[in-house]
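First the structure, in the form of structure tokens, and then the observations on it.
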Amino acid sequence: MRRFDRFVAPARREWRRSLQLRVVALTLIASSVLVGAFGFFVAQRSANILLNRAQDEVESSMQSKLRYAASQLSVHLTALEPRLQNTVDITVNALADDDPAESGGSVVSIRADQIPGIQAVTSVKKLDTSGLITRDLIKAVSGDGKVAEQVRTAEVNGKKIKFLVYGSPVPTNFGHLELYYMVPLTTEDSAANQIRTTVLVTGLALVILLGVVAGLVTRLVVLPVRDAARTAQRLSAGLLDQRMKVTGEDDLALLAASFNQMAANLQRQIVRLEEMSRLQRRFTSDVSHELRTPLTTVRMAADLIFSEREDFDPAVARSAELLQAELDRFESLLTDLLEISRFDAGFAALDAEHADLVPIVKRVADRLTGLADRVGVTIELRVPDEPVIAEVDPRRIERVLRNLVGNAVEHGEGRPVRITLACDEAAVAVTVRDHGIGLKAGEERLVFNRFWRADPSRARQTGGTGLGLSISAEDARLHGGWLEAWGAPGEGAQFRLTLPVRSGDRLVAAPLPLIPRDRALDSEEAGR
């Protein structure tokens, strides 16, 4: 079966991909069925017409032979007359035609099954009529006194010939004799075979012609569609100047013209959007850079005021502390904006190296322990005892984990936050699980949008900029990995970072599930 599947796989693939092949094949199948049914009907009808005509001729000839035989045998009054057998022989010879094996002549036989003493006589002595004159025919003619007919086949001179056999009782003064008239259907069979051959050849030629016509007609439709598909592929690849060739004024030409108009409109819109996006990125980058200089001056002044706050009035000292905190947040925002602008411009580079992720995870947890203690959250670590080596950019991975753990602590509602690290031969995964407010349906995709917040009225504990998860998602994509989220209202959320062990490899599966195991167990118990 596997060898058969490998053999037919190209045909299946071509069948799925080629509209022209399917149309031609279905046309051939449908036309073959219709032409076959029509040819069978014509051949059968022609054979029946030929047989009916032969029956009419034989029946007419049978009547004349029957009258002649009755007139010849009526001269005898009893079956005991010695010259009766001689009369039967003479009558058969008179009624006989030419040799059927040579010229298609008929065969005549007279029998007297109910009258003893009279021997059966056949016009062709060498022809065995036992296969032509059957017991059923004899019973119908001799026993019931009816005129009967049948079609039988006999071998004459080594050739099998089909005969139309008629049997009829011959009335005489001493009882009934049976006259059997056997006519070969050689001419009718030959004509029927010629008709069948003609119908078969004509039908085959018609099916092939229909297939060719279907192929040509389908080609007229398929070629523009294929051209449109190739043009659409080039447009999707960024070749916005590609257009279809417009020929004629028919529907296909209208389709090509409409497609070209759509492509031109799309090109104008894409160019316009690209220009707007470029200007937006340029604006963000320029503003971020331009703000660096005044921010540095303000930072120096704020640091000076902050360092002397002990000598100020308490209200002024508090203002200095708030100024310092907001400057830190503003500086983080500028840093994130610059990072986002680098991602948008395609200038972000990956400095990959073989690094152990276990100390990176522990370092992130240690740095956020102070924040976790302030909000009453416990950070739990589940990492392997042995090193977990992967080809990554440690700075970016630490930033991703810092964002994930910081968000989990902020939304943890005072409940533990669990960090799990696992790996296999192809991938390494880190999950961050909290038991806070969770995410509503559909928000697992929105959390990576810029400046998106699950609860806009909620105050930030970490002073985040709203760009952390967006930058984290870009960092994961830069590694060729995944950053995914799961959450349910009131049940918390879990984020999973999956990275390939070797940089550039394609991920297929993750070592850790996206849905937490405790949630999966609860679902199974509820199902029971």
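As a basis for the values below, the full set of heavy atoms in this structure was taken, side chains included, without hydrogen atoms, waters or symmetry mates. Given the structure is predicted, the values throughout are model-derived calculations rather than measurements.
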* Asked: With side chains defined as the heavy atoms from C-beta onward, is the minimum distance between Thr498 and Leu507 less than 4.5 Å?
  -> yes
* Could you give all pairs that pass the side-chain hydrogen bond (donor to acceptor under 3.5 Å, both in side chains) test and reach residues 503-512, with sequence neighbours left out? -> Arg502-Asp505
* Structure fact -> Applying side-chain contact (heavy atoms from CB on, under 4.5 Å) to Ala25 and not counting sequence neighbours gives Trp15
* Asked: Can you name the residues that form a side chain to side chain donor-acceptor pair (under 3.5 Å) with Arg402, not counting sequence neighbours?
  -> none
* Taking every non-hydrogen atom, the tightest pair across Leu304 and Ser307 -> O-OG, 2.7 Å
* At their closest point, which heavy atom of Ala302 faces which heavy atom of Leu323, and how far apart are they? -> CB-CD2, 4.0 Å
* Asked: Between Asn260 and Met244, is there a donor-acceptor pair closer than 3.5 Å when you use the side chain of the first and the backbone of the second?
  -> yes
* Side-chain contact, heavy-atom cut-off 4.5 Å: Val151 with Leu185? -> yes
* **Point-to-point distance, once rounded to the nearest 0.5 Å, from CZ of Arg415 to OG1 of Thr378** => 13.0 Å
* Does Val298 have any side-chain contact (heavy atoms from CB on, under 4.5 Å) partners at least two apart in sequence or in another chain, and if so, which? -> Leu327
* To do: Sort and list the pairs that fulfil salt bridge (charged side-chain N to carboxylate O under 4.0 Å, His left out) and have at least one residue in residues 314-325, not counting sequence neighbours.
  => Arg309-Glu321, Arg318-Glu321
* Asked: Judged by atom type as modelled, is there a donor-acceptor pair below 3.5 Å linking the side chain of Arg496 to the main-chain atoms of Leu512?
  -> yes
Can you give the donor-acceptor pairs under 3.5 Å from side chains of residues 432-441 to other protein atoms, not counting sequence neighbours?
from, atom 1, to, atom 2, distance (Å)
Arg433, NH1, Glu491, O, 2.9
Arg433, NH2, Glu491, O, 3.4
Arg433, NH2, Asp518, OD2, 3.4
Asp434, OD1, Gly436, N, 3.0
Asp434, OD1, Ala493, N, 3.3
His435, ND1, Pro416, O, 3.3

* Identify, with sequence neighbours excluded, every residue that meets side-chain contact (heavy atoms from CB on, under 4.5 Å) alongside Lys362. => Val358, Leu381, Val383
* Distance (rounded to the nearest 0.5 Å) between Thr431 OG1 and Leu497 CG -> 10.0 Å
* Structure fact -> Output for pair (Met262 CE, Leu266 CG), nearest 0.5 Å, gives 5.5 Å
* **Heavy-atom pair of closest approach, residues Pro500 and Ala390** => O-CB, 4.4 Å
* Structure fact -> To the nearest 0.5 Å, atom OG of Ser46 lies from atom CD1 of Ile195 at 4.0 Å
* **Counterpart residues, side-chain contact (heavy atoms from CB on, under 4.5 Å), relative to Pro513 (two or more places apart)** => Arg517
* Asked: If you round to the nearest 0.5 Å, how far is CZ of Arg45 from CG of Asn48?
  -> 6.5 Å
* Asked: Any side-chain heavy-atom pair from Phe495 and Val447 closer than 4.5 angstrom?
  -> yes
* Check the side chains of Asn193 and Arg196 for a donor-acceptor pair under 3.5 angstrom, ignoring hydrogens and angles. => yes
* Asked: Is there side-chain contact between Glu444 and Gln494, with heavy atoms separated by less than 4.5 Å?
  -> no
* Asked: Can you find a pair of side-chain heavy atoms, one from Arg152 and one from Lys162, that are under 4.5 Å apart?
  -> no
Under 3.5 Å donor-acceptor pairs involving side-chain atoms of residues 419-426, not counting sequence neighbours:
from, atom 1, to, atom 2, distance (Å)
Asp424, OD1, Ala426, N, 3.0
Asp424, OD1, Ala427, N, 2.7

* What's the shortest heavy-atom distance between Ala320 and Ile305, and which atoms? -> CB-CG2, 3.8 Å
* Pairs flagged by salt bridge (charged side-chain N to carboxylate O under 4.0 Å, His left out) wherever residues 380-395 is involved - sequence neighbours left out -> Asp393-Arg396
* Asked: Got more than 12 heavy atoms from elsewhere within 6.0 Å of CZ, Phe312?
  -> yes
* Thr202 side chain vs Val199 backbone, donor-acceptor pair below 3.5 Å -> no
* Compare all side-chain heavy atoms of Leu483 with those of Phe448 and state whether any distance is below 4.5 angstrom. => yes
* Just by modelled atom types, is the Leu322 backbone N or O under 3.5 Å from a matching donor or acceptor in the Gln324 side chain? -> no
* Please report the shortest heavy-atom distance between Ala257 and Val246, naming the atom on each side. => N-CG2, 3.9 Å
* Asked: Closest approach of Gly215 and Val24, non-hydrogen atoms and distance?
  -> CA-CG2, 3.5 Å
* Drop me the distance from Leu371's CG to Ile379's CD1, to the nearest 0.5 angstrom. => 8.0 Å
* To do: Report yes if the side chains of Thr231 and Phe259 come closer than 4.5 Å at any heavy-atom pair, otherwise no.
  => yes
* Structure fact -> By side chain to side chain donor-acceptor pair (under 3.5 Å), Gln44 pairs with (sequence neighbours left out) none
* Asked: Would you say Ser472 and Arg399 make side-chain contact, with heavy atoms under 4.5 Å?
  -> no
Would you give me the side-chain donor-acceptor pairs under 3.5 Å for residues 30-39, sequence neighbours excluded?
from, atom 1, to, atom 2, distance (Å)
Ser31, OG, Thr27, O, 2.7
Ser31, OG, Leu28, O, 3.1
Ser32, OG, Leu28, O, 2.6

